[in-house]
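Lettering follows sequence order; numbering is per chain, from 1. Small disclaimer: the values here were computed from a predicted structure and weren't measured.
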Amino acid sequence: MLDIKFIRENLEVVKAGAAQKRFEVDLDLIVNLDDERRGLIKEVEELKARRNKASDEVAKLKKAGQNADATITEMRSVGDQIKSMDDRLKSLEQQLQKALLTVPNVPHPSTPEGSTPAENVSIASWGEAPKTDFKLKPHWEIAEKLKLIDFATGTKIAGSGFPVYIGAGARLQRALINFFLEEGRNRGYTEVMPPIVVNAESATGTGQLPDKEDQMYVVTRDEFYLIPTAEVPVTNMHRESVIKAEQLPIKYCAYTPCFRREAGSYGKDVRGLNRLHQFDKVELIKFVHPETSYEELESLRSDAEHLLQLLKLPYRVLLMCRGDMGFTQTKKYDLEVWSAGQERWLEVSSCSNFEAFQARRMNIKFKDGSGKPEFLHTLNGSGLALPRIVSAILENYQTDEGTVLVPSALRSYMGMDVIKSA
RNA sequence: GGAGAGGUGGCCGAGUGGCUUAAGGCAGCGGUUUGCUAAACCGCCGUACGGUUGUAAAGCUGUACCGCGAGUUCAAAUCUCGCCCUCUCCGCCA
């Protein structure tokens, strides 16, 4: 959410930003609502000031044993006016609030213009695709042959998109989770294990509600939402609070399962591990001072890249163009890993700066000794999402004997060097 | 799930309808005194949303806020109703 004052003072910038992000928003309506709101506040507060004074007078008169009926009668009608104006004000504020939630965050000047994924800018790449003299298989064939993942059984017990990992497949999951958390810890992130369901307030704080409700699994009986990412519970840890400036930056890494309905996405992508309803992810989350948030974005990205380098998986870094960035971000990088068997890039991390967009929505501030509390900036990025890393490992590290070499960084976590047929 | 107790500023804690502008204390900030430290004394000490002065930093001013939401009243921290949360005990349980 943007500040109404910021919108008023930077109307053209906000308008242009929304257009570039391809969101439709009626800013004139918002400014009009705010004008009306301010006018009404002024009126009703003047009436309230009158009433407060009159109440004092009544108290004095009564204390002196005098009659106060005239004032009381007058104030009775003032009270009615106040009530009806307060009702109108409340409804105005709700309309304004609702309208403000439709205004997207303004893209940072350093982000490229463009409206489609094709216009994202590849700013770096690392590693090289494996060169082999045999035909590389897609991960689902490898996983089936080596009995690492059982998609059909997952479909039986839950539904499609809920795979069962078995044997070395399950160990690979556990090894990756431990590896990611351990590396996060090495880079100064505090490990967190949050609830994987959240209430409506938390889901609203990070922006899942109201717009993305159809993408979440909902436990209606108890009003819980299954989290689509650890970002939701972890960012909400500091909701409604003021943090001392010297505690910044606060950095968390959290492993959670993630649940996504993926409503409306069908097609080629769903094969194998490419798109699941439940998957595992380690997320990196930062709360930072506004002055440093773009440096923090770069270091967040480098923390995520480091993991891919340790796993020796080839990847590229995309700087998202304004049209492909999403509603809440000011700047966003995607890390895409090369999946050699499918011969395609797979997104395994997206690192974003939200500036004060989430913090304002959640009321997270910081305060140094002297100044007023201010909204801080929040960032997050995957570090990393597991399924596509698993596909990349299976595909990039496969041998012509049908086995899969374990990346050297992962061997101590796996307790094995090669994944063979069980 | 059942019974009871409670929720007041950063923290502790008083407050049963109008001298409450939320007492008092602790912590914090500024100052006075003082070889230094400590103590003592004086002052400051919330958030949000408006209005207004100012280039700005900031100041002045109004309104709201005592878990949340409704209600009663000229007037609510205080009375009424609903909800949420915390603690204690009981029941169930990994």
Could you check whether the rings of A/H238 and A/Y252 sit parallel, tilted or perpendicular, using 30° and 60° as the cut-offs?
parallel
For the residue pair A/Y217 and A/F162, does the interplanar ring angle fall in the parallel (under 30°), tilted (30 to 60°) or perpendicular (over 60°) class?
tilted
Is the distance from OP1 or OP2 of [N] to the nearest side-chain N or O of [X] less than 4.0 Å?
| X | N | answer |
| --- | --- | --- |
| A/R37 | B/G50 | yes |
| A/R51 | B/C74 | no |
| A/N52 | B/A75 | no |
| A/R38 | B/G51 | yes |
| A/K60 | B/C74 | no |
| A/K5 | B/A48 | no |

Which nucleotide, if any, forms a Watson-Crick or G-U wobble pair with [N], using both distances under 3.5 Å?
| N | answer |
| --- | --- |
| B/G54 | none |
| B/G17 | none |
| B/C81 | B/G69 |
| B/C89 | B/G2 |
| B/U63 | B/A48 |
| B/G24 | B/C12 |
| B/U32 | B/A40 |

Could you work out the separation of [N] and [M] based on their [atom1] atoms and round it to a whole Å?
| N | M | atom1 | value |
| --- | --- | --- | --- |
| B/G18 | B/G7 | C1' | 26 Å |
| B/A77 | B/G69 | C1' | 16 Å |
| B/C68 | B/G28 | C1' | 30 Å |
| B/C89 | B/C11 | C1' | 29 Å |
| B/U86 | B/U8 | C1' | 15 Å |
| B/G17 | B/U78 | P | 12 Å |
| B/U37 | B/C44 | P | 25 Å |
| B/A38 | B/G30 | P | 13 Å |

Go nucleotide by nucleotide along RNA chain B from the 5' end; which of A/M75 and A/P373 gets its closest nucleotide reached first?
A/P373
More 5' along RNA chain B: A/R50 or A/D3, using each one's nearest nucleotide?
A/D3
Without decimals, in angstroms, what is the distance between [X] [atom1] and [N] [atom2]?
| X | N | atom1 | atom2 | result |
| --- | --- | --- | --- | --- |
| A/E374 | B/U47 | CD | P | 12 Å |
| A/D34 | B/C49 | CG | C1' | 11 Å |
| A/K244 | B/C11 | NZ | P | 11 Å |
| A/K42 | B/U61 | NZ | P | 18 Å |
| A/D56 | B/U63 | CG | P | 10 Å |
| A/L47 | B/A64 | CG | C1' | 15 Å |
| A/L40 | B/U63 | CG | P | 16 Å |
| A/D86 | B/G71 | CG | C1' | 15 Å |

For [X] and [Y], test the side chains for any donor-to-acceptor distance below 3.5 angstrom and give the result as yes or no.
| X | Y | result |
| --- | --- | --- |
| A/E119 | A/T116 | yes |
| A/Y294 | A/H377 | no |
| A/K286 | A/S299 | yes |
| A/Q329 | A/N105 | no |

Report the nucleotide, chosen from [options], that has the shortest atom-to-atom distance to any side-chain atom of [X].
| X | options | result |
| --- | --- | --- |
| A/E45 | B/G69, B/C74, B/C49 | B/C49 |
| A/A49 | B/U63, B/C74, B/G50 | B/U63 |
| A/S55 | B/A75, B/A70, B/U47 | B/A75 |
| A/K48 | B/G50, B/C74, B/A64 | B/A64 |
| A/K83 | B/U72, B/G69, B/G18 | B/U72 |

Using a cut-off of 4.0 Å on non-hydrogen atoms, how would the nucleic acid contact of A/K90 be classed: base, sugar-phosphate, or nothing?
sugar-phosphate
Taking the six-membered ring for Trp and the full ring for Phe, Tyr or His, determine whether the centres of A/Y413 and A/F179 are under 6.0 Å apart.
yes
State, with a plain yes or no, whether a side-chain heavy atom of A/F279 is found less than 4.5 Å away from one of A/R388.
no
